[in-house]
Amino acid sequence: GHVQLFGNAAGADIQMNNPFKPNLRTGLYLKAMKDRAPIHGSFELTPRCNLNCKMCYIRMSEKEMCSAGREWTANQWIDFGKVCRDKGMLFLLLTGGEPFFRKDFKEIYTELNKMGFIITINSNGILITDEVVCWLKKCPPSKIRITLYGGSNETYSRLCGDSHGFDKVTAAIDRLLEAGTDSSGIAVLIRVSRRMEQIKGELIVRGVPPQPWKVFQAAGLHKLIRFE
């Protein structure tokens, strides 16, 4: 696992339960800087992932992970969360790898949520099933960031090693929206710019509100498009 304090998370968001307006958030950050408190942290819960994206530098197989060390247990992450809470941390990003790949992610998330953290989850979306949406609704995160690595199953097969990846991700987005999620944004990582307008149109039809898009360069290989 990896821990980053004062970390800034990139990407766009599917909004679920965000009680803080931007000006209040800015004020909290400024106060934390003055007090030297770690108001924002990132917990990289696992290097494992259900996808095998060609451009990913984080993913490890089970064999690679075992040779490099081991993941923290759920109890270790929960105990560390208590330490961070007591030091003044408020905003917490849970990421990976793919956090939903951990069989104990629900336990980790639920206990961290009870501590009062304002939680964001980074995910590729594929493992967000109906069961996951059900328990997320009971204690929703502030945001879920779902990245789309293209606009077709062909792209997912070529880039991520999952021949049905696009269908799975868009199904997860539909589940979240049908569950009452307030969608404030979605991250899209694509290789061919001529597909951008088509993908945006598909997202809007699904219920993601049309908003201005920004273009970012990601690792010099792809472009990150997001609602802002």
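We count residues from 1, following the sequence as given.
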Find the distance between CG (L176) and NZ (K137) and round it off to the nearest 0.5 Å.
10.5 Å
Give me the ring orientation class for Y149 and Y156: parallel if the planes are under 30° apart, tilted from 30 to 60°, perpendicular past 60°.
perpendicular
Look only at the side chain of D35 and the backbone of A37, and say whether a donor-acceptor pair between them is shorter than 3.5 Å.
no
I119 with M115, same ILVMFWY side-chain cluster at under 4.5 Å:
yes
Over all heavy atoms of both residues, which pair between M89 and F117 is shortest? Give the atoms and the distance, please.
O-CE2, 3.3 Å
Would you compute the distance between atom CD1 of I173 and atom CD1 of I146 and round it to the nearest 0.5 angstrom?
5.0 Å
Just so I know, are the side chains of N124 and N50 near enough to count as touching, which here means a heavy-atom distance under 4.5 Å?
yes
Please examine the side chains of K168 and D162, heavy atoms only from C-beta on, and report whether any two atoms are closer than 4.5 Å.
yes
Got a second to check how far L94's CG is from S123's OG, nearest 0.5 Å?
11.0 Å
Side chain to side chain contact (heavy atoms under 4.5 Å, CB included) between L159 and M55, intermediate numbers included:
CA-CA 8 Å; L159 186 64; M55 70 288 188; 4.0 Å; yes
Would a 4.5 Å heavy-atom cut-off, applied to side chains only, mark I118 and L92 as touching?
no
I'd like to know if R59 and E64 make a salt bridge, using a cut-off of under 4.0 Å between side-chain N and carboxylate O.
no
Are the side chain of T110 and the backbone N or O of E107 linked by a donor-acceptor pair below 3.5 Å?
no
Working for side chain to side chain contact (heavy atoms under 4.5 Å, CB included), residues W77 and L112
CA-CA 9 Å; W77 281 115; L112 293 173; 5.6 Å; no
Between T170 and F166, is there a donor-acceptor pair closer than 3.5 Å when you use the side chain of the first and the backbone of the second?
yes
Test of ring centre spacing under 6.0 Å for W72 and F43
no
Test side chain to side chain contact (heavy atoms under 4.5 Å, CB included) on S42 and H40; report intermediate values, then the result.
CA-CA 7 Å; S42 300; H40 189 288; 4.0 Å; yes
Taking the side chain as C-beta and beyond, is there a heavy-atom pair between T129 and V133 under 4.5 Å?
no
Between the side chains of T46 and E98, does any donor sit under 3.5 Å from an acceptor?
no
Ring geometry between F100 and F105 (parallel below 30°, tilted from 30 to 60°, perpendicular above 60°)
perpendicular
Are R175 and E178 close enough, and set up right, to give a salt bridge (charged side-chain N to carboxylate O under 4.0 Å, His left out), and what steps lead you there?
CA-CA 5 Å; R175 288 188 193 100; E178 289 168 5; over 6 Å; no
Value rounded to 0.5 Å, distance of NZ in K114 from NZ in K82
10.0 Å
Do L177 and I144 share a hydrophobic cluster, counting only Ile, Leu, Val, Met, Phe, Trp and Tyr and linking them when any side-chain heavy atoms are less than 4.5 Å apart?
yes
I'd like to check N122 versus L93 (side-chain heavy atoms, cut-off strictly below 4.5 Å). Are they in contact?
yes
Contact between K31 and K34 at the side-chain level, heavy atoms closer than 4.5 Å - yes or no?
no
Which heavy atom in P47 sits nearest to a heavy atom in I58, and how many Å separate them?
CB-O, 3.6 Å
Spell out, yes or no, whether M60 and L127 are grouped together once hydrophobic residues are joined by side-chain heavy atoms under 4.5 Å, including indirect joins.
no
Shortest non-hydrogen contact from A74 toward D104:
CB-OD2, 3.5 Å
To the nearest 0.5 Å, what is the distance between CG (D79) and CD (E111)?
10.5 Å
Which heavy-atom pair separates S157 from S163 by the least distance, and what is that distance?
CB-CA, 3.7 Å
Can you find a heavy atom in the side chain of I121 that is under 4.5 Å from one in the side chain of P99?
yes
Between C139 and Y109, is the side chain to side chain contact (heavy atoms under 4.5 Å, CB included) condition met? List the steps.
CA-CA 9 Å; C139 49; Y109 170 81; 3.7 Å; yes
Check whether any side-chain heavy atom of R48 sits under 4.5 Å from a side-chain heavy atom of E71, and report yes or no.
yes
All heavy atoms of V169 vs all of I126, minimum pair found to be CG2-CG1, 3.5 Å
For the residue pair G125 and A172, what are the closest heavy atoms and their distance?
O-CB, 3.0 Å
